[in-house]
Structure formats: C-alpha cells, structure tokens
2 protein chains.
Amino acid sequence: MSEMGTGSATAGRRRPARERLLVTAARRFYADGVTATGIDTIVAEAGVAKTSLYNNFHSKAELVRAYLDARHEEWLATYRTRLEETVGPREAVLAVFDTYADHAEAAQATGFRGCGLLNAAAELPVGDIGRDVVRRHKETVEELIGCHLGQLLPSRPGEAGVLAEHLSFLLEGAMARAGLEGDGSRLARARTLAAALLDEAMAGS
Amino acid sequence: MSEMGTGSATAGRRRPARERLLVTAARRFYADGVTATGIDTIVAEAGVAKTSLYNNFHSKAELVRAYLDARHEEWLATYRTRLEETVGPREAVLAVFDTYADHAEAAQATGFRGCGLLNAAAELPVGDIGRDVVRRHKETVEELIGCHLGQLLPSRPGEAGVLAEHLSFLLEGAMARAGLEGDGSRLARARTLAAALLDEAMAGS
DNA sequence: AGTAAACTGTACAGGTCTGTACAGTTAGCG
DNA sequence: CGCTAACTGTACAGACCTGTACAGTTTACT
C-alpha cells in the first residue's frame with residue numbers, strides 16, 4: 001500500500017523479509033501488546049536478520065504504524081467480502097457486525113483479545129500519531145454504517161446519523177466486552193440488538 | 001481494602017509511602033500505560049525510596065493489581081455519590097452513564113484517554129489475572145444497570161436483562177470512542193440514547 | 001558472467017528494566 | 001529514653017531494550 005513505485009520488476013523479490021516481519025509483528029503485537037513486544041523477539045520469530053528490519057523500517061514506531069495501517073486494510077478487506085454477500089442496506093449494516101464477529105472467530109484459536117487497533121491505541125500516550133489512525137478507523141466504521149442507513153432511511157438523514165452512532169457504540173462496546181471474555185458471543189447478541197433497531201427504524205414513522 | 005487487620009494503631013503511620021506510590025502509579029499508568037511506565041519513574045515522582053515500594057508490593061505486577069483494584073473502588077465511590085442524587089430506577093440507570101462522564105471530565109485536564117481499566121486490560125496478555133479483574137468490573141457495571149432495570153420493569157425480567165446488556169454496550173462503546181477523541185461528548189450522546197431507550201421500554205407493552 | 005540489490009550474522013554501544021542488598025535515619029509508641 | 005517499624009539512599013546484578021556497524025552471502029536479472 002505504501003511504495004511500489006519501483007514497478008513489478010523488483011516487486012517479486014523485495015517482499016519476503018518485510019512481509020514476514022509484518023506478519024510476525026502483527027501476531028506478537030496483538031497477543032502481547034506493542035510495548036511488551038521487543039524487536040529481538042520479532043526478528044527471531046520471523047527468521048530474519050535485525051538489519052533487515054531496520055532496512056525496511058526506520059524505527060519500531062514505524063513498524064507499529066505499519067501494523068496499524070495493515071490492520072485497517074485487513075478489516076476493510078474482510079468487510080468488502082462480507083458486503084458482497086449482502087442484498088440491500090439493512091444487510092449491509094449487519095455486514096459490519098459480521099466483520100467484527102469474523103475477527104473474533106479467526107482470533108479464537110490463537111487467543112482472542114478484542115480489537116487490535118483499540119488495544120494498541122490503549123497503550124499509546126495522548127498525542128501519539130497511532131491514536132489518530134485508530135480514531136479515524138473507528139470513524140470510518142461509523143461512516144460506513146451511516147452510508148447504508150442513508151439508503152435505508154432516505155427521507156430521514158438526521159435519524160440515520162443518530163442511529164449510526166448508536167450502532168457504532170453497540171459494536172465497539174460489544175467488542176470490548178467480548179475481548180475481555182475471550183469469545184464472540186457478545187458480538188452475536190449485539191448483532192441481534194442491531195437488527196431489532198433496524199427493523200424498528202424501518203417500521204417507524 | 002487489603003490488610004488493615006493490625007488495627008488503627010499503625011493505620012495512621014503506615015500510609016504515606018504506600019499511598020503516594022498508589023497515587024503516582026495511578027497517574028502514570030493511566031497516562032502512559034502500564035508496561036511503558038517503569039518502577040524508577042514511579043518512585044522518583046512519588047518521592048519515595050525504591051526499597052519502600054518493594055516493602056509494600058512484592059512486584060510490579062502486584063502494584064498493577066493494586067492499581068486495578070483502586071480504580072474499581074474509585075469508580076464505585078463515584079457511582080454511589082451519583083446514585084444518592086437520584087430518584088427512582090430510571091435516574092439510577094442514567095447515574096451509571098453520569099459516572100462515566102464524571103471520569104471523562106475529571107481526566108480532561110491531565111489528558112483523557114478512556115477507561116483506565118479497559119486500557120490496562122488491553123495491554124495484558126490472555127490469562128493474566130488483571131484481565132479477570134477488569135472483566136468482573138464490567139460485569140458489575142452491567143449488573144448494576146440490570147438491578148435498576150429490574151425495578152423499572154418488574155413484570156418483564158427477560159427484557160430487563162437484554163436492555164441491561166444493550167445499555168452496557170452503549171456505555172462501553174461510547175467510552176472507547178470518547179477516549180480516542182479525548183473528550184466526553186460521545187458519552188453525553190450515549191446518555192441521550194439511553195434515556196430514549198428507557199422511556200421507550202417504560203412506555204412499551 | 002557480472003552487477004546491483006536484498007539479505008545475513010554477529011558484535012556492540014548506551015540505555016533502561018525489575019528486583020535485591022545493606023547500612024543508616026526518621027518517627028511514633030510505651 | 002528506648003524500642004520497633006517504617007523509611008531512606010545508593011549501589012549493584014543481570015537481563016533486556018532500541019538502534020548501528022560492518023563484512024560477507026545469497027538472489028535475480030541482464
């Protein structure tokens with residue numbers, strides 16, 4: 001997503017080290033936290049020389065930033081897959097809830113611990129750029145919901161906005177609780193609550 | 001809250017060091033995160049000898065645990081104060097939302113960063129006892145809401161339980177978003193949403 | 001075959017981390 | 001006054017942290 005301007009000639013070669021570092025960093029950052037995970041742990045587990053890490057990233061902070069960006073892109077990809085299976089705006093809203101549930105299920109095997117982006121933001125100090133990345137990610141999620149709700153309630157844009165925020169709170173709250181409990185059942189119930197709110201809004205005046 | 005069995009004779013003397021450590025640890029753990037805050041930083045800022053820290057706490061993990069317990073007690077105290085000002089179960093539920101808003105406002109000056117307990121849990125690995133403390137805290141919050149709802153909807157206990165979980169999600173989701181944005185306006189809107197849900201439930205069949 | 005880029009392995013600098021040791025000092029109590 | 005317990009200051013052990021240096025090796029493409 002960042003610099004592939006050198007063209008496809010080098011694209012096939014330059015990947016291995018950087019990609020393995022990102023995959024390993026994602027695993028350890030999510031499982032153990034950003035601060036608690038050392039550079040040495042990552043390079044050892046990735047099977048890569050430490051020099052290669054600092055050839056691809058100028059600092060640990062930059063690796064963390066790449067991790068956050070990758071998580072966001074990964075979320076979008078899962079969401080788009082879910083969205084393709086839907087018909088109409090009501091199902092599209094619920095696809096956002098399903099995307100969260102997908103993450104919970106995927107992480108179940110290795111230890112589900114909630115939203116990786118929110119967890120990372122929780123250990124970054126006020127003012128850190130990483131917190132803005134996560135804030136914008138959550139705003140994007142709310143906007144996606146709001147976009148579908150705009151289609152569902154075309155004559156009531158104000159109500160759509162309020163409902164989008166309501167659903168965003170439901171989603172993030174359920175994710176936080178689910179992360180503490182280590183399983184996705186809270187997310188399933190949040191989806192049920194969301195579906196009821198959607199039906200109510202569609203039936204409403 | 002832990003060991004005051006030695007009686008009030010020593011109670012007046014033994015406090016200073018332990019108390020200053022807890023106050024300082026709370027400030028730094030909240031602002032910078034648990035892992036990123038070193039022992040040396042805490043003892044220096046508390047104006048206490050490092051030996052005194054290890055006389056009061058066996059390890060950093062125990063200090064973290066004391067921090068989590070203190071945060072929980074602090075939350076309960078704020079909540080009880082809020083509860084005293086209320087009349088009836090509807091207002092009692094909203095008092096829980098007000099308690100969260102109180103925290104946001106109090107932390108505003110030094111840097112509001114969301115729920116300290118949730119933030120701490122976010123950087124603890126799966127299996128850490130601290131995560132259970134936070135999970136139980138959030139369950140307590142939901143139970144308190146559920147208790148008031150049981151009074152509000154005495155003939156519909158099932159509905160009360162579902163609504164309690166719904167309100168808990170609203171609350172935690174709004175807190176997560178508020179923490180990312182650094183102010184409490186999201187919490188104010190969550191309170192509005194909660195009030196509407198309560199009115200609807202009271203008017204409902 | 002030759003060139004350029006990515007990659008490796010290791011060693012190291014300089015700092016910070018948690019936790020301990022130990023001798024000395026302060027403060028409340030009878 | 002004298003006892004006891006809390007507290008102080010400093011030094012240190014041993015591990016781990018991020019980031020750099022540098023010489024050598026692999027890999028891909030011409």
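In the text below, chain A, chain B and the rest are named by the order of the sequence lines, each starting its count at 1. Computed from a predicted structure; not experimentally measured.
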Review point. Is there side-chain contact between B:Leu94 and B:Leu198, with heavy atoms separated by less than 4.5 Å?
Key: yes

Could you tell me how far apart [X] ([atom1]) and [N] ([atom2]) are, to the nearest whole angstrom?
| X | N | atom1 | atom2 | value |
| --- | --- | --- | --- | --- |
| A:Ile42 | D:dC16 | CD1 | P | 16 Å |
| A:Asp32 | D:dC16 | CG | C1' | 15 Å |
| A:Asn55 | C:dG9 | CG | P | 14 Å |
| B:Leu21 | D:dA6 | CG | C1' | 13 Å |
| A:Arg18 | C:dA5 | CZ | P | 18 Å |

Point to revise | Per-nucleotide protein contact string for nucleotides 14-21 of chain C (B base, S sugar-phosphate only, - none; heavy atom under 4.0 Å) | key: ----BBBB

Point to revise | Distance test, side-chain N/O of B:Asn56 to OP1/OP2 of D:dC7, below 4.0 Å | key: yes

Check your understanding: Taking atom CD of B:Glu105 as the centre, does the number of heavy atoms from other residues, nucleotides or ligands within less than 6.0 Å exceed 12?
Key -> no

Check your understanding: Are A:Arg186 and B:Glu142 within salt-bridge range, i.e. N to O under 4.0 Å?
Key ->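 Between B:Glu142 and A:Arg186 there is a salt bridge, with a charged N closer than 4.0 Å to a carboxylate O.
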
Check your understanding: Do the charged groups of A:Arg80 and A:Glu84 touch, with an N to O distance under 4.0 Å?
Key ->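 No.
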
Check your understanding: What orientation do B:His166 and A:His166 show, parallel under 30°, tilted 30 to 60°, or perpendicular over 60°?
Key -> perpendicular

Check your understanding: Which of parallel (below 30°), tilted (30 to 60°) and perpendicular (above 60°) describes B:Tyr30 and B:His103?
Key ->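 Perpendicular, since the angle between the ring planes exceeds 60°.
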
